[in-house]
Amino acid sequence: MKFDQPATTNPIDQLKVVGKPTDRIEGPLKVSGAAPYAYERRDVAPSPAYGCVIGATIGKGKIQSMDLGPARRAPGVITIVTAQNAGPVGKGAFNTAKLIGGPDIDHYHQAIAVVVAETFEQARAAAQLVRVNYVRTAGEFDLSKAKDGAKAPKQLTGGPPDSALGDFDGAFAAAAVKVDSTYTTPDHAHAMMEPHATIAAWKGDELTLWTSNQMIDWGRGEIAKILGMPKTKVRLISPFIGGGFGGKLFIRADAVLAALGARAAGRPVKIALQRPLMINNTTHRPATIQRVRLGATRDGKITAIGHESWSGDLPGGKPDGAVHQTRMLYAADNRMTATRLAVLDLPEANAMRAPGEATGHMALEVAIDELAEGLGMDPVELRIRNDTQVVPDAAGAPPKPFSQRQLVECLRTGAERFGWARRNPQPGQARDGRWLVGMGVAAAYRGAPTMKSAARVRLNGRGLVIVETDMTDIGTGTYTIIAQTAAEMMGVPLASVRVSLGDSDYPVSAGSGGQWGAASSTAGVFAACMKLRQAVAEKLGFDPDKAVFADGRVSAGRKAAPLADAARDGELVGEDAIEFGDLSKRYQHATFGAHFVEVGIDPYTAEVRVRRMLAVCAAGRILNPKAARNQVIGAMTMGVGSALMEELVVDKGQGFFVNHDLASYEVPVHADIPHQEVIFLDETDPTTSPMKAKGVGELGICGVSAAVANAIYNAAGVRVREYPITLDKLLAGMPAVA
Amino acid sequence: MRAFSYERARDPQAAVAAMARTPDAKFIAGGTNLLDLMKLEIERPGRLIDVNGLGFDKIEATADGGLRIGALVRNTDLAADERVRRDYGVLSRALVAGASGQLRNKATTAGNLLQRTRCPYFYDPGQPCNKRQPGSGCGALQGFSRQLAVIGGSEACIATHPSDMAVAMRVLDASVETLNPEGKARRIPIAEFHRLPGDKPQIDTTLGRGELITAVTLPRPIGGVQVYRKVRDRASYAFALVSVAAVVQRDGSGRVAFGGVAHKPWRVEAAEPAMASGAKAVVDRAFAGAKPRHDNAFKLLLAERTLAAAMAEARA
Ligand SMILES: Cc1cc2nc3c(=O)[nH]c(=O)nc-3n(C[C@H](O)[C@H](O)[C@H](O)COP(=O)(O)OP(=O)(O)OC[C@H]3O[C@@H](n4cnc5c(N)ncnc54)[C@H](O)[C@@H]3O)c2cc1C
Ligand code: SF4
């Protein structure tokens, strides 16, 4: 199905199932432990061999020698695969560094070998017997040092890396009120619960991987490319995923080494990456240095917006897109953004939840707070004053409208619901007992991309509707919204729908990433259901255009029949893909939000405690408010993490992330998170997809950290521009105590 | 993890005798620290002697009005004990500030004292660490030291002792009762139990090889308002940046020990008379000669302000 005209009324608009807060259909499996994750597939591999991955312990250099002898002779060892004996191993198109290194080492904990043994314990014990001699070479691990040598990347997500409109320098110089601030954000770990894990099994020249991956079809192609085999001989299966946040968009060492290990061992091999390897072996969100300059008239009209961002990656890598939202959020006639990429020898940088916007808001939305203070204006009003309904950054051409943009409504609704009027604009004034109390706000922007997505929907003689697509559910609620979509389309209760996901034998979906999953994959199911409805109507002899699907029955005029009747002679199948035309060129598809945060700060110790949080989101039709809320509160939690504590600490001498376990990479725990409230504004967007939906999973993190930072400033009068805002950075600014 | 053999000791004498027979044996109690280290082969015992069955799981009154805490009493049980909560509040509060509920259910009194003094480099076998591998160098000295010691460190090691419980025991003047491999009992004042790294950072305590902890005794209650204040980067389940165990008497006199600042719980008795003059006076004395590093210099100010918070809480 081609989607190139705005949607008109369609069966989804009935909203009998879609749009209802619905429990996860796979929830009972998960909470009872009956949903098998990749490492637990005893059913497919009852007696696998176990692989233990060895990571390099230098930041950059070469392996001089490797003594495998003692490990080979250790009890239970079957084989040891290294770059030397693995045969040809290529590099994936999505990987910056090779997934098996040697002799050259590109980064700390790059995999250099996998030891395969009869048991997990034997594999691990033998891995500890492998002795490696390295020759180190000097590397660059310090972004602040590498910054001056940073270059413009070839592109920034498909476009030119820099943008300019009007005369930024002139307008900024002439502005009555200015902000010129530099912010830093550290490297972040995805820190999802489930490690990267894979079971690999060969049957002749065919390879099956039970793994944990967000993008089945990408992964299938990557494995084929890395191992030099036809894509058709690779099968990826990933029905349950214990979190990814972008860390599982790509094939990683667990999958490749399990495949190589299984080939060498002649039997299935399973591998889970150790937690430290998840940090230094896989990808992370890169650190940024960002300079934001804002100029405004005395009455708060922004005349100049400039945002420059620096990040680093291994040679051939990609920049963080921290300037994205700055091209979209506020009107101003004079503007510039610039993105620079430095070469660093740290582990590979890549996407993490809302890549670009997550870090970009941490700078821009604090700069706006600083501007509001300079103007003596309320920060909510300043944002409203500079709203725009067209893309402000589009030079030349007629302005491109946002298909829907309710930023102002988000801000106003939030301000009212949060009690923003009670905020004392004078920082450091409000107290609750001994606590210093403050409120902060930030706007949120995140694109709403869509991607081609296919599905197959089958109707059987018992009236069951079975959906199959290689779409993944990374904890987001995809199973449920897909079931809701199929139920609505076919006029059956949720209980009559079965959903099978995450298998490369199924039609290729959009996958889970970039906040495109929900809108795209349900639209693919919509398209397939339209095909199935057609087949059903034809089979029953109804006019397909007039047939109504409701309550398990199909009717047209006076005629009616149970839906199941259509499959009495055998299953009916509808298969189709949704393909998106140029509507996203005619309209800017985006989601908007506003975050409000109240913090308390202990005046003695500068410990910050978040006391209340509210997010107001305008993000198209909300397919399942319960799942959407769950996504947003999770994202808000992650935003608190990046505001207050998350930082991969770089050892700039050794060249690695030091805090590579969950005891030292601290993320918020229950005690850190207060009551969180989420409001979704009423919105349907007929230009995005027949579902009229967008995504919320990434919108939810954009702006949160800035709102926390602004609340801290309001509470204590201390502006910290280096995240995370740990207490050591606030301590000197705390009031005197006896 | 190296393969190891395992035995359950029947009685204390048998436990120390087994230890004396087997040079590479170790005791195991809750296992929450030892097993982690064995998986990484930082500890490589050939034999584990399980002390859980030795009957050291009681808390009893002593003749002089104190308490005798069996070595195997779980952190959870010790924190909840009525006498501890009433008479040694600082200990109860320190315990519940440590680790997580699950860990405290397993963790024992002796095991908590003997958890390794450590830092992130100690836990990464790919990095130099004098404590893990004497003579290999100290990764933290050139690297990341935000969590580490500001006082009492050496050129060999600047790790901190992670225990909360031990800080409270230090302020309460506890003693550690032991049985050595020859079957002889002794009593080690807690002040002398943990040691500074010096040039032997691989040795955390003054316990002899094969020596078994049987109990920790607390002297008779000293009254006062007892406060344990632990400051960390998140609200729960993290090691202290700085912690303060304070006992403040009605007249403003008192005692204080600090956690998160040194290779052992840090208490300088000579600084305590300054308590009436306020937190700064105490910290100036207790941390005289401190050698903070760039990353952790804030701990001195934090120690002062945390003590001020504890003293304000005691006054309130
Ligand atoms: C993630 C995490 C977070 C933590 N956070 C904190 C925290 O915030 N605060 C805190 O205080 N602690 C914290 N801990 C540490 C925890 O308190 C200790 O692991 C625990 O107290 C150790 O007790 P155990 O009985 O399990 O010791 P084990 O692991 O069994 O033993 C530890 C050592 O003691 C020896 N040993 C045990 N019993 C005896 C005995 N009777 N005589 C002689 N030797 C003996 C063993 O041989 C071993 O060397 C944390 C631990 C973890 C894993
Ligand atoms: S501080 Fe101590 S424990 Fe840490 S690396 Fe140095 S020697 Fe090892």
Side-chain angles (χ1 to χ4, degrees), chain A residues 55-58 75 108-109 120-122 124-125 127-129 132 274 276 280 434 602-610 640-641 644-647 649-654 656-664 666-673 724 726-732 734 736-738, chain B residues 1-3 36 38-42 44 99-100 118-121 123-128 139-147 162 229-239 241-242 244 278-280 295-313 315-316:
Chain A
T57 56
I58 55 168
Y108 200 79
H109 277 175
F120 168 73
E121 287 77 10
Q122 289 170 332
R124 185 175 58 188
Q128 280 155 328
L129 297 173
V132 188
Q274 305 91 304
N280 278 291
R434 77 166 191 276
D602 186 308
Y604 288 94
T605 58
E607 292 161 287
V608 177
R609 296 286 178 264
V610 178
V640 170
L644 297 181
M645 63 194 83
E646 290 188 40
E647 171 174 19
V649 176
V650 180
D651 182 318
K652 290 166 188 155
Q654 301 282 324
F656 77 116
F657 298 126
V658 181
N659 49 342
H660 49 45
D661 58 36
L662 291 181
S664 51
E666 291 179 15
V667 299
V669 294
H670 281 91
D672 293 293
I673 299 301
T726 44
L727 58 90
D728 45 311
K729 299 172 189 169
L730 294 168
L731 213 48
M734 289 291 111
V737 292
Chain B
M1 191 186 271
R2 253 178 85 189
D36 275 5
M38 286 169 66
K39 289 174 192 169
L40 293 165
E41 296 198 9
I42 296 167
R44 312 177 75 224
S100 67
R118 57 191 185 254
C119 91
Y121 294 83
Y123 266 88
D124 185 341
Q127 290 296 313
L141 268 172
Q142 308 312 322
F144 174 55
S145 56
R146 181 167 178 271
Q147 296 273 351
R229 187 75 162 76
K230 179 178 183 181
V231 181
R232 41 192 155 180
D233 282 322
R234 63 179 170 191
S236 161
Y237 197 27
F239 293 114
L241 294 168
V242 164
V244 166
K280 182 162 184 345
D295 286 354
N296 64 13
F298 74 94
K299 285 192 176 186
L300 293 176
L301 180 56
L302 183 59
E304 178 190 323
R305 297 184 70 103
T306 308
L307 176 57
M311 286 163 60
E313 189 181 332
R315 279 195 304 270

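Lettering follows sequence order; numbering is per chain, from 1.
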Might you point out which heavy atoms bring A:T57 and B:G126 nearest each other, and give the distance in Å? CG2-CA, 3.5 Å

Identify the two heavy atoms, one from B:G139 and one from A:D651, that lie closest to each other, and give their separation to 0.1 Å. O-OD2, 4.4 Å

Is A:P603 close to chain B through its backbone or its side chain, or both, or neither, when contacts mean heavy atoms under 4.5 Å? backbone

Tell me, for A:V649 versus chain B, whether the close heavy atoms (under 4.5 Å) come from the side chain, the backbone, both or neither. side chain

Does any heavy atom of chain B fall under 4.5 Å from the side chain of A:D672, the backbone, both, or neither of them? both

How far apart are the C-alpha atoms of A:V737 and B:E304, what are their side-chain angles, what is the distance that settles it, and do they pass the side-chain contact (heavy atoms from CB on, under 4.5 Å) test? CA-CA 10 Å; A:V737 292; B:E304 178 190 323; over 6 Å; no

Partner residues of B:Y121 under the ring pair (Phe, Tyr, Trp, His ring centres under 6.0 Å) criterion, sequence neighbours left out: none

Atom group of A:I673 that falls short of 4.5 Å from chain B, counting heavy atoms: neither

Quick one: does any side-chain atom of A:E666 pair with a main-chain N or O of B:Y237 as donor and acceptor, under 3.5 Å? no

Write down the atom of A:Y604, the atom of B:A312, and the distance for their closest heavy-atom approach. OH-CB, 3.2 Å

With rounding to the nearest 0.5 Å, note down the distance linking OG1 in B:T306 to CG in A:L731. 8.0 Å

Considering only heavy atoms, which portion of A:V608 lies under 4.5 Å from any heavy atom of chain B: side chain, backbone, both, or neither? neither

When the 4.5 angstrom heavy-atom criterion is applied to B:R234 and chain A, the contacting part is both

Taking salt bridge (charged side-chain N to carboxylate O under 4.0 Å, His left out) as the test, write out the residues that go with A:R124, two or more places apart. none

Out of curiosity, A:L727 CG to B:L301 CG, how far, rounded to the nearest 0.5 Å? 10.0 Å

Nearest 0.5 Å, what's the CZ-CZ distance between B:F144 and A:F656? 10.5 Å

The test is side-chain contact (heavy atoms from CB on, under 4.5 Å); show your working for A:Y108 and B:D124 and say whether it passes. CA-CA 12 Å; A:Y108 200 79; B:D124 185 341; 2.9 Å; yes

Under a 4.0 Å threshold between the charged nitrogen and the carboxylate oxygen, would B:R229 count as salt-bridged to A:E607? yes

Winner by heavy-atom pair count (cut-off under 4.5 Å) against chain B, out of A:R434, A:E121, A:M645, A:R609: A:R609

At a heavy-atom separation under 4.5 Å, does B:K39 approach chain A through its side chain, its backbone, both, or neither? both

Most heavy-atom pairs under 4.5 Å with chain A, out of B:V231, B:N296, B:L241, belong to B:V231

Side-chain heavy atoms of A:T726 within contact of B:R146, under 4.5 Å: yes

Can you check whether A:T605's main-chain N or O pairs, donor with acceptor, with B:R305's side chain at less than 3.5 Å? no

Hey, could you give me the CD/CD distance between A:Q654 and B:Q142, rounded to the nearest 0.5 Å? 9.0 Å

Heavy-atom pairs under 4.5 Å with chain B - which of A:K729, A:K652, A:H660, A:H670 has more of them than the others? A:H660

